[in-house]
Number of protein chains: 2
Amino acid sequence: MATGRTHRPATRSRGIPEATVARLPLYLRALTALSERSVPTVSSEELAAAAGVNSAKLRKDFSYLGSYGTRGVGYDVEYLVYQISRELGLTQDWPVVIVGIGNLGAALANYGGFASRGFRVAALIDADPAMAGKPVAGIPVQHTDDLEKIIDDNGVSIGVIATPAGAAQQVCDRLVAAGVTSILNFAPTVLSVPEGVDVRKVDLSIELQILAFHEQRKAGEEAAADGAGPVAAARKKSADKGPDGDVPAVMPA
Amino acid sequence: MATGRTHRPATRSRGIPEATVARLPLYLRALTALSERSVPTVSSEELAAAAGVNSAKLRKDFSYLGSYGTRGVGYDVEYLVYQISRELGLTQDWPVVIVGIGNLGAALANYGGFASRGFRVAALIDADPAMAGKPVAGIPVQHTDDLEKIIDDNGVSIGVIATPAGAAQQVCDRLVAAGVTSILNFAPTVLSVPEGVDVRKVDLSIELQILAFHEQRKAGEEAAADGAGPVAAARKKSADKGPDGDVPAVMPA
DNA sequence: AGCTGTGAAAACCTTCACAGCG
DNA sequence: CGCTGTGAAGGTTTTCACAGCT
């Protein structure tokens, strides 16, 4: 998923598999909810259900962190919250900058989930001089000219790019040069970064296209088998251009 | 069996691996850029670089679609654009509804990438009566009460949830009952859906947490070899099961 | 008895390396 | 020759199933 230019295998003895790392935040969220309800312990089965995974996977994931459970009982909720938080590095404060304060950037600045877990929006940066000084989510927008200084003054190592695609690589280069080593990219473009810099991307359009693929597949199966769907299969797409004519006409030229 | 409904792709009939499907939009974007520059053909090496993957992977991916290249030459850009679009189901029109028109929902409604590829924002829906009728991105917001009718009238099969976490499952249930079979979820919660419904989630907080994990790991390695990095909030890395001055008392029953 | 932790098996994905075709 | 298409190898992730602890 992450598009690091040269991703290291990282198969260290102490290495936690990437797939596991990606699920830890999910477990943490479920555990936090249990914690708020003052639930003292939880079994792998229950926690897995809350996180939307199966219990064998969860136990395997936890086994990479250590032996934090009690056989016959389950896991201590508070203790696990702490261990996972520590493993993810959330026991420290991460100042973050958001570059590109358009609709999306503003929405991100306002997003509560950012602040809730160790992340602090240290600065908002935009290239439009007209925006400079204007507060968004209570934080004054600063101009791109000062990007390097802002990064440096705040000790920022994580940057969020929410600019238009055309500006993203340039912004990325400046962030990296200024010392940022992790980037969350919302611009629909592939960023190239030097080794050692992590990039994760979020692309709304790509997610929709993946859904469309499966949606199309479902429609095709429905036409072939008719009424086999467990859910509202009786439904028909109105904007379709002919479900029957949509048969794969695979034909290389 | 557990009640968890993790969607099982099942890989039926014309099985394209999930990992490949997830990359097709990436290739498509790179190809579209080439097409706009009137580039007639492209090699796997070039296209792979533009999409940020390696060429062997790209060729393997394309091999699942068919033999669309020409040995010694490469791929015909226009032809590939068409084939991938068709495979992804983008040659048809997908009406989409966005539920929850807060900061994020409004940003999504304004996001150009939606409209660009077969997706059309058919309606915006919000629970706040004060928003009803107010146009966002040129589309009037409608009230949640009319959700079912809106889905039905527009033949919507893809829904986007941008509500607060607390409302997400309820909205999801109504969307599914009304006939939606693909959901893109921005709310930080696990949705449970019946079999046959696809859910993809986008969680900003999770992405940041994954970055924080790697960032922390980098900081730790740096400390071992010195480096004078900009961010030096070095945390003590305890050994495997080092139960020293940890947070609350470990309290096994 | 109940539930975790984990080897082993299975499934899935990526990379290699080269045959085969234009 | 150059580049695609693909078996085979190698790596990662998931699932199984049960030993082992409480």
Subject >> No-hydrogen, no-angle side-chain donor-acceptor test under 3.5 Å, B:Arg29 and A:Ser205 >> reply: no
Subject >> Aromatic ring proximity A:Tyr68/A:Tyr79, centre distance under 6.0 Å >> reply: yes
Subject >> Residue-phosphate contact under 4.0 Å: B:Ser44 side-chain N/O, D:dC3 OP1/OP2 >> reply: no
**OP:** State whether B:Asn54 places a side-chain N or O below 4.0 Å from either non-bridging phosphate oxygen (OP1 or OP2) of C:dT14.
**Re:** no
Starting from [atom2] on [N], measure out to [atom1] on [X] and report it in whole angstrom.
| X | N | atom1 | atom2 | value |
| --- | --- | --- | --- | --- |
| B:Glu18 | D:dT14 | CD | C1' | 15 Å |
| A:Tyr64 | C:dG7 | OH | P | 10 Å |
| A:Tyr68 | D:dT22 | OH | C1' | 20 Å |
| A:Asp61 | D:dT14 | CG | C1' | 10 Å |
| B:Glu45 | C:dC16 | CD | C1' | 14 Å |
| B:Leu65 | D:dT4 | CG | C1' | 14 Å |
| A:Glu46 | C:dG2 | CD | C1' | 12 Å |
| A:Leu47 | C:dC3 | CG | C1' | 14 Å |

Original post:
Across the strands shown, which category fits A:Tyr75 at heavy-atom distances under 4.0 angstrom: base, sugar-phosphate, nothing?
Top reply: sugar-phosphate
**OP:** For B:Asp61 and B:Thr20, run side chain to side chain donor-acceptor pair (under 3.5 Å): C-alpha distance rounded to whole Å, both residues' side-chain angles, the deciding distance at 0.1 Å, then the answer.
**Re:** CA-CA 6 Å; B:Asp61 283 342; B:Thr20 294; 2.6 Å; yes
Selected nucleotide, minimal atom distance to [X] side chain, candidates [options]:
| X | options | value |
| --- | --- | --- |
| B:Pro17 | C:dG5, C:dC13, D:dG5 | C:dC13 |
| B:Ser43 | D:dT13, D:dT4, C:dT14 | D:dT4 |
| B:Lys60 | C:dT15, D:dT14, C:dG5 | C:dT15 |
| B:Arg59 | C:dC18, D:dT14, C:dT4 | C:dC18 |

Subject >> Interatomic spacing from CG in B:Asn185 to CD in B:Gln169 - rounded to 0.5 Å >> reply: 9.0 Å
Original post:
Does CD in B:Glu45 sit with more than 12 non-hydrogen atoms of other residues, nucleotides or ligands closer than 6.0 Å?
Top reply: no
Subject >> Backbone of A:Leu28 reached by a side-chain donor or acceptor of A:Thr32 within 3.5 Å >> reply: yes
Protein-nucleotides 19-22 of chain C N/O pairs under 3.5 Å:
residue, atom, partner, partner atom, Å
C:dG20, N3, B:Arg71, NH1, 3.3

